[in-house]
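In what follows, a single structure is set out as structure tokens and then discussed.
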2 protein chains.
Amino acid sequence: MAETKQHLTISEVEEQTGLSAHTLRYYERIGLMAPITKGLRGHRRYDKDDLGWITLIKRLRSTDMSIKEMQHFAELVRQGDATISERRKLLEKHQIELQQKLVDIEETLSLLDHKVTTYRNMEKDSKVKS
Amino acid sequence: MAETKQHLTISEVEEQTGLSAHTLRYYERIGLMAPITKGLRGHRRYDKDDLGWITLIKRLRSTDMSIKEMQHFAELVRQGDATISERRKLLEKHQIELQQKLVDIEETLSLLDHKVTTYRNMEKDSKVKS
DNA sequence: GTACAAGTTAGAGCGTACTCTAAGTCAAAT
DNA sequence: ATTTGACTTAGAGTACGCTCTAACTTGTAC
């Protein structure tokens with residue numbers, strides 16, 4: 001089995017996730033992540049769970065959940081199982097926003113398709129004329 | 001036929017498009033729109049073409065084309081037919097970005113579906129236990 | 001022992017896209 | 001005549017999400 005390393009340095013996480021070390025520290029500082037365990041020389045050591053969490057918040061951010069909402073979500077997770085239903089509602093809210101965004105993008109793609117086709121025809125016509 | 005008004009004031013456009021008067025003036029100021037014709041008292045009078053353009057740039061913005069790119073696009077439109085193929089390329093670039101975004105959103109929606117289901121089960125279980 | 005690499009912190013700075021303010025104009029209503 | 005309301009402008013201010021800087025620490029290599 002191609003076991004992945006047990007612990008990763010911040011630059012390894014940067015490489016794996018595409019989030020910069022700056023951003024990783026920033027997320028931790030503002031409470032988007034629980035404090036990462038430090039090794040002997042005071043360096044962060046990210047474990048499998050940390051990586052999983054980063055993957056999740058990266059997804060939420062890339063789909064435009066606000067930092068503020070993610071902080072709220074992270075706080076709920078920290079509070080444990082009592083907050084499950086609040087967490088569910090928060091994620092369901094994001095689901096709805098994404099479904100709307102999906103529609104907007106699809107409509108825009110269709111508009112772009114139409115425009116690009118029109119442009120192509122104009123390009124073709126201008127060649128014929130000249 | 002329910003003919004729509006020939007000319008609209010800025011607040012009517014605000015109402016119809018959802019863009020604030022502030023934003024409409026801002027867009028004009030930065031060159032996202034050609035200068036709107038002014039009526040006698042110096043007020044803007046938006047016509048059908050203006051509305052059409054606003055609809056287009058609203059769509060491009062809502063799907064996260066940057067202001068800078070939209071300024072470029074607007075400038076190309078102003079330059080006329082010689083820029084058709086550059087315009088097409090610009091829109092095709094946005095198409096590709098939107099297709100990627102679509103995938104990201106779909107994947108995230110599926111992740112959210114899974115998480116929400118898990119949460120629901122945990123909520124159900126905690127009811128059974130208590 | 002000193003240079004280097006890879007981290008650390010607190011805090012400042014920056015780009016983007018609005019969003020708002022202040023002061024003014026103008027026509028219609030009172 | 002003056003008040004009201006809907007606009008106008010130039011320019012300042014704000015929210016957000018990073019992104020960078022400066023000064024420092026630590027372990028390893030030479």
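All values reported here derive from a predicted model rather than from experimental measurement. We name chains A, B, ... by the order of the sequence lines, and we start the count at 1 in each one.
- Between the P atom of C:dG11 and the CD1 atom of A:I30 lies a distance of 16 Å, rounded to the nearest Å.
- In this structure, B:R45 does not reach the D:dC7 phosphate: none of its side-chain N or O atoms is under 4.0 Å from OP1 or OP2.
- The phosphate of C:dC18 (OP1 or OP2) has a side-chain N or O of B:Y27 nearer than 4.0 angstrom.
- Atom P of nucleotide D:dC7 and atom CZ of B:R41 are separated by 10 Å, given to the nearest angstrom.
- Residue-level contact check: B:L40 touches neither bases nor backbone, having no heavy atom under 4.0 Å from any strand.
- Among the protein residues, A:S20 comes within range of no part of the nucleic acid, since none of its heavy atoms lies under 4.0 Å from any strand.
- One finds the CG atom of B:L56 at 6.0 Å from the CG atom of A:L111 (value rounded to the nearest 0.5 Å).
- Nearest approach of A:L91 to B:V116, heavy atoms of both residues: CB-CG2, 4.1 Å.
- We find the OG-CG distance between A:S11 and A:L24 to be 10.0 Å, quoted to the nearest 0.5 Å.
- At D:dC7, one or more side-chain N or O atoms of B:S11 fall inside 4.0 Å of OP1 or OP2 (strictly under the cut-off).
- Atom CG of B:L24 is separated from atom C1' of D:dC7 by 13 Å (rounded to the nearest Å).
- The side chain of A:H43 lies closest to C:dA6, out of C:dA6, D:dG27, D:dT19.
- At a threshold of 4.0 angstrom between heavy atoms, the contacts of B:R29 include nucleobase atoms, whether or not backbone atoms are also involved.
- B:R44 comes within 4.0 angstrom of the backbone, heavy atoms only, and of no base.
- Salt-bridge annotation for A:R44 and A:D50: absent, with no side-chain N of the basic residue lying under 4.0 Å from a carboxylate O of the acidic one.
- In this structure, A:E92 CD and B:Y119 OH are separated by 11.0 Å, a value rounded to the nearest 0.5 Å.
- Considering only side-chain N and O atoms, B:R61 lies under 4.0 angstrom from the phosphate OP1 or OP2 of C:dA17.
- The 5' end of DNA chain C is approached more closely, in terms of each residue's nearest nucleotide, by B:I67 than by the other of B:R25 and B:I67.
- When the P atom of D:dT21 is taken as reference, atom OH of A:Y26 falls 18 Å away, rounded to whole Å.
- Atom pair A:H22:NE2 and D:dA22:P shows a separation of 12 Å (rounding to whole Å applied).
- In this entry the distance linking CG of A:L8 with P of C:dA6 reads 16 Å, nearest Å.
- Toward the 5′ end of DNA chain D lies the nearest nucleotide of A:T23, the other residue of the pair A:G42 and A:T23 mapping further downstream.
- Distances shorter than 4.0 Å separate none of the side-chain N or O atoms of B:K38 from OP1 or OP2 on C:dT25.
- Proximity of A:T9 to the phosphate of C:dG7: a side-chain N or O atom is located under 4.0 Å from OP1 or OP2.
- Taking atom CD on A:E14 and atom P on C:dG7, their separation rounds to 9 Å, with Å as the unit.
- Summarising the geometry, the separation between NZ on B:K68 and C1' on C:dC14 is reported as 13 Å, rounded to the nearest angstrom.
- Using modelled atom types, no side-chain atom of B:N121 and backbone atom of B:T118 make a donor-acceptor pair closer than 3.5 Å.
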